[in-house]
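Only one structure is covered here, and it is reproduced in the block below.
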Number of protein chains: 2
Amino acid sequence: MLTNRQLQILQVIVDDFVTSAQPVGSRQISKKDWITSSPATIRNEMADLEELGFIEKTHTSSGRVPSEKGYRFYVDHLLRPISMSTQEIGLFQSIFKNQIVEMEQVIRESANILSDLTSYTTILLGPNVSKHRVKRFQIVPLSEQTAVAIIVTDNGHVENRTITLPQGFFPSDIEKTVNILNERLVGISLLELQSRLELETFYVLRQHVNTADSFIQSLRNVATFQNEGKIYFGGKTNMLNQPEFHDLNKVRALMEMMEKESQVISLFHPEDTGIHIRIGSENNHLVMDDLSVITASYSIGNDQEGSIAIIGPKRMDYQRVVSLLDVMRSGLSSALSNKVNDGL
Amino acid sequence: MLTNRQLQILQVIVDDFVTSAQPVGSRQISKKDWITSSPATIRNEMADLEELGFIEKTHTSSGRVPSEKGYRFYVDHLLRPISMSTQEIGLFQSIFKNQIVEMEQVIRESANILSDLTSYTTILLGPNVSKHRVKRFQIVPLSEQTAVAIIVTDNGHVENRTITLPQGFFPSDIEKTVNILNERLVGISLLELQSRLELETFYVLRQHVNTADSFIQSLRNVATFQNEGKIYFGGKTNMLNQPEFHDLNKVRALMEMMEKESQVISLFHPEDTGIHIRIGSENNHLVMDDLSVITASYSIGNDQEGSIAIIGPKRMDYQRVVSLLDVMRSGLSSALSNKVNDGL
DNA sequence: ATTAGCACTCTTTGTTAATGAGTGCTAACA
DNA sequence: TGTTAGCACTCATTAACAAAGAGTGCTAAT
């Protein structure tokens, strides 16, 4: 177990390094007025902390830098949530107050505000579409051969696909199809849509509609959705201001990573419910070895979920980000839930 | 007027500098086997070319680099379109052949292929929505107070907005409204929609529908569109491989620029019809001083237009890019026009 | 008109030395 | 026994300097 003094020293090392990005030495630590020991004593303690793996040297005679284990210990035991300035709280409320705007707009704004406030990069995962429920089907013919199929969900999301109509498919057939689909499928979630179609609806369709068979493949396409929510970014370029990104190769690697949807999504973990911190290599991604990700989930109504992630250097201001994220998460949840409730 | 030899030398300087990114010296030029003069002669010619403003030195005793005026002369007089390898042509066809995919998919693919082939950044401006014509209106109620308004256009594009319903607005009112809208507005372009609503439709609506007034503002919102097409990027990070972007500040400036929709759009010029080249400061944008933009427009059917831009360093392979862009432009035009025709 | 020759300029690279921040260890101290 | 002052040592950073190399402009010869 760490002594009280060791805890203090570790805390100073992390805090100082977070703000300065420079290795911190014994003299610097002893200058803090709540630290009473002399540099020499502190050096001894630091040697111990290093042996325990909490801090590291960048070279033989340099000051110390927190190790990954050190950060982990810090966030697990030394982190005290701080309260935000009223100015910041005001900023948040300004997004949520505005009732008129669309859900998408609120999410976009949130991402931007978070990245402005932290000067890190924000990734906001929109609510997973597959939990929305079908409110209405619609097929609008464009020509003899093509039409647009539209699904409206209970919270106002609209999905649409262009489909090909089989030859000899008449307006009356379209009408019949739409009726069947609406009768059978309204109220079920997009997630179940695919299987419901296969198991039941197609069968009915074949019975009532001419040339249904060649049409069914089109409908299959309609029912295929991305199974993750839409991705919104805020402050993509903020990271370039961080000193750890003076290295062009790192910049490139990170930028390329952010372009790839699947890799971005892999930063989120569906089992994370509250606020989670992943430090450096804990992200299991080479590019992220020098970065930390803090994720939080928000919920809309009862089950629809979205996530927020803030990506910053390992040397990131964990206290501040966690606090901000907590406010944002509850703000988003209640704002968006209200929107849904208004619509019930 | 430039002598034949000066033209040759200018051409070599541009061509060599484009591939090597290094200032080119007299010795290097004289080594080309179609250049017969000695380095000394070439030095004299280069002094003249410099006096005329076509080339520059990076320092007193360095080789020469094309000036902006030099590039301009090069693209205006020295550029010969080159034919593409069959391999490349095959790549293009592979996108367009696939008939099933959606228009959006084709555009996305095109942007990626172009940036892969050039290793520059591609920006593709989708067709301007405002020229689409209304095919069908639809209003789907979500609750007592909210509904989704949907506009389907003649080529399958779907626009939707969440709207608020006035109190005491019944399903029958919705039906009436939708009927009126469809009667009056089908066939007109989204561009005209706004004015048509104001001048004529709202009047009719007030006569037939209860509490239409408070509903009209919602409809106004529905009829407001972005007046430019959607933006697609390809190879956003390619630029980081260019040696001119070893400077972090330039990287940041460019990335920030690409995040701002309005600035991206300002790279395109609506009056440009064919292929246009803008070199460095010709773009009237500080960030773009070291970059060139080549734009091309493609058309869908008769009037709907979109644009392609390729952004590269001033030292970019103009010949190759122009050729590629020309193929892509006609390929896109015919592929997308076919899609529309299939739908008529 | 062309070119060989040469002095000169400027960048790039490597070497060396000085500076300074910080450590680890030893011995003195409370 | 825990703390601290003192000191030798390490390593990064910076500056100054020299050598090499690429390229130019000019002059004089062809």
Side-chain angles (χ1 to χ4, degrees), chain A residues 1-10 12-17 19-67 70 243-244 246-247, chain B residues 1-10 12-17 19-67 70 243-244 246-247:
Chain A
M1 198 46 212
L2 295 185
T3 69
N4 220 3
R5 188 165 60 194
Q6 285 172 326
L7 290 178
Q8 272 194 316
I9 291 176
L10 180 54
V12 172
I13 292 178
V14 174
D15 285 340
D16 270 28
F17 184 65
T19 59
S20 73
Q22 297 298 325
V24 356
S26 53
R27 213 176 104 82
Q28 195 183 144
I29 297 177
S30 77
K31 282 227 196 80
K32 307 280 165 189
D33 48 5
W34 67 95
I35 297 272
T36 53
S37 321
S38 75
T41 312
I42 293 173
R43 278 202 290 281
N44 286 328
E45 298 285 26
M46 292 207 289
D48 290 349
L49 282 172
E50 183 170 6
E51 213 163 309
L52 292 167
F54 292 112
I55 55 180
E56 297 168 342
K57 286 189 275 200
T58 60
H59 62 267
T60 1
S61 72
S62 75
R64 302 306 211 289
V65 159
S67 68
E244 20 275 287
H246 282 1
D247 179 355
Chain B
M1 198 46 212
L2 295 185
T3 68
N4 221 2
R5 189 164 61 195
Q6 285 173 326
L7 290 179
Q8 271 193 318
I9 291 176
L10 180 55
V12 172
I13 291 177
V14 174
D15 286 340
D16 269 29
F17 184 64
T19 58
S20 72
Q22 297 298 325
V24 356
S26 53
R27 213 177 103 82
Q28 195 184 143
I29 298 177
S30 77
K31 281 227 196 80
K32 308 279 164 189
D33 47 7
W34 67 95
I35 299 270
T36 52
S37 321
S38 74
T41 313
I42 293 173
R43 278 202 290 282
N44 286 328
E45 298 284 26
M46 292 208 288
D48 290 347
L49 282 173
E50 182 170 9
E51 214 163 308
L52 292 168
F54 292 112
I55 54 180
E56 296 169 343
K57 285 188 278 202
T58 61
H59 62 267
T60 5
S61 72
S62 74
R64 300 310 209 291
V65 159
S67 68
E244 20 274 287
H246 282 1
D247 179 355

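Proteins come first, then strands; the chains are lettered A, B, ... in the order of their sequence lines, and each starts at number 1. Small disclaimer: the values here were computed from a predicted structure and weren't measured.
Sorted by first and then second residue, the salt bridge (charged side-chain N to carboxylate O under 4.0 Å, His left out) pairs involving residues 36-47 of chain A (not counting sequence neighbours) are A:Arg5-A:Glu45. Legend: side chain to side chain donor-acceptor pair (under 3.5 Å) pairs involving residues 49-58 of chain B, not counting sequence neighbours, sorted by first then second residue: B:Glu50-B:Arg64, B:Thr58-B:Ser62. Residue pairs meeting the salt bridge (charged side-chain N to carboxylate O under 4.0 Å, His left out) criterion with at least one member in residues 21-36 of chain B, sequence neighbours excluded, are B:Asp16-B:Lys32. Within the structure, no pair that satisfies the ring pair (Phe, Tyr, Trp, His ring centres under 6.0 Å) test touches residues 25-52 of chain A, not counting sequence neighbours.
For A:Ser26 and C:dT23, the shortest distance from a side-chain N or O to OP1 or OP2 is below 4.0 Å. OP1 or OP2 of D:dG25 lies within a sub-4.0 Å distance of a side-chain N or O belonging to B:Lys57. When the side-chain nitrogen and oxygen atoms of B:Arg64 are compared with OP1 and OP2 of D:dG23, none of them lie within a distance under 4.0 Å. For B:Arg5 and C:dA1, the shortest distance from a side-chain N or O to OP1 or OP2 is not below 4.0 Å.
A:Asn44 meets the side chain to side chain contact (heavy atoms under 4.5 Å, CB included) test with no other residue; sequence neighbours excluded. The side-chain hydrogen bond (donor to acceptor under 3.5 Å, both in side chains) test applied to A:Ser30 returns no partner, not counting sequence neighbours. Applying the side chain to side chain contact (heavy atoms under 4.5 Å, CB included) test to B:Leu7 and every residue at least two apart in sequence or in another chain returns B:Leu2, B:Asn4, B:Phe73, B:Leu78.
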Return the polar atom pairs (N/O with N/O) between nucleotides 9-13 of chain C and the protein under 3.5 Å, or none.
residue : atom : partner : partner atom : Å
C:dT9   : O3'  : B:Thr60 : OG1          : 3.4
C:dT9   : O2   : B:Ser61 : OG           : 2.5
C:dC10  : OP1  : B:Thr60 : OG1          : 2.9
C:dC10  : O5'  : B:Thr60 : OG1          : 3.2
C:dC10  : O4'  : B:Ser61 : OG           : 3.4

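Taking atom CD on B:Gln22 and atom C1' on D:dG23, their separation rounds to 13 Å, with Å as the unit. Atom P of nucleotide C:dT3 and atom CZ of B:Arg27 are separated by 15 Å, given to the nearest angstrom. Whole-Å rounding puts the A:Ile55 CD1 to C:dG22 P distance at 14 Å. One atom, CG of A:Leu49, and another, P of C:dG24, lie 12 Å apart when rounded to the nearest Å. Put simply, CG on A:Asp16 is 16 Å from C1' on C:dA21, counting in whole angstrom units. Straight-line distance from the CD atom of A:Glu50 to the C1' atom of C:dT23: 10 Å, rounded to whole Å. Protein atom CG of A:Asp48 is 14 Å distant from nucleotide atom P of C:dT23, rounded to whole Å.
Heavy atoms only, all atoms of each residue included: A:Ile42 and A:Ser37 are closest at CD1-O, 4.0 Å.
Listed by residue number, the members of residues 28-45 of chain A with any heavy atom below 4.0 angstrom from DNA chain D are A:Ser37, A:Ser38, A:Ala40, A:Thr41, A:Arg43, A:Asn44.
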- Message: Checking B:Ser61 against B:His59 for the side-chain contact (heavy atoms from CB on, under 4.5 Å) test, could you report, in this order, the C-alpha distance in whole Å, the side-chain angles of both residues, the deciding distance, and whether it holds?
- Response: CA-CA 6 Å; B:Ser61 72; B:His59 62 267; 3.8 Å; yes
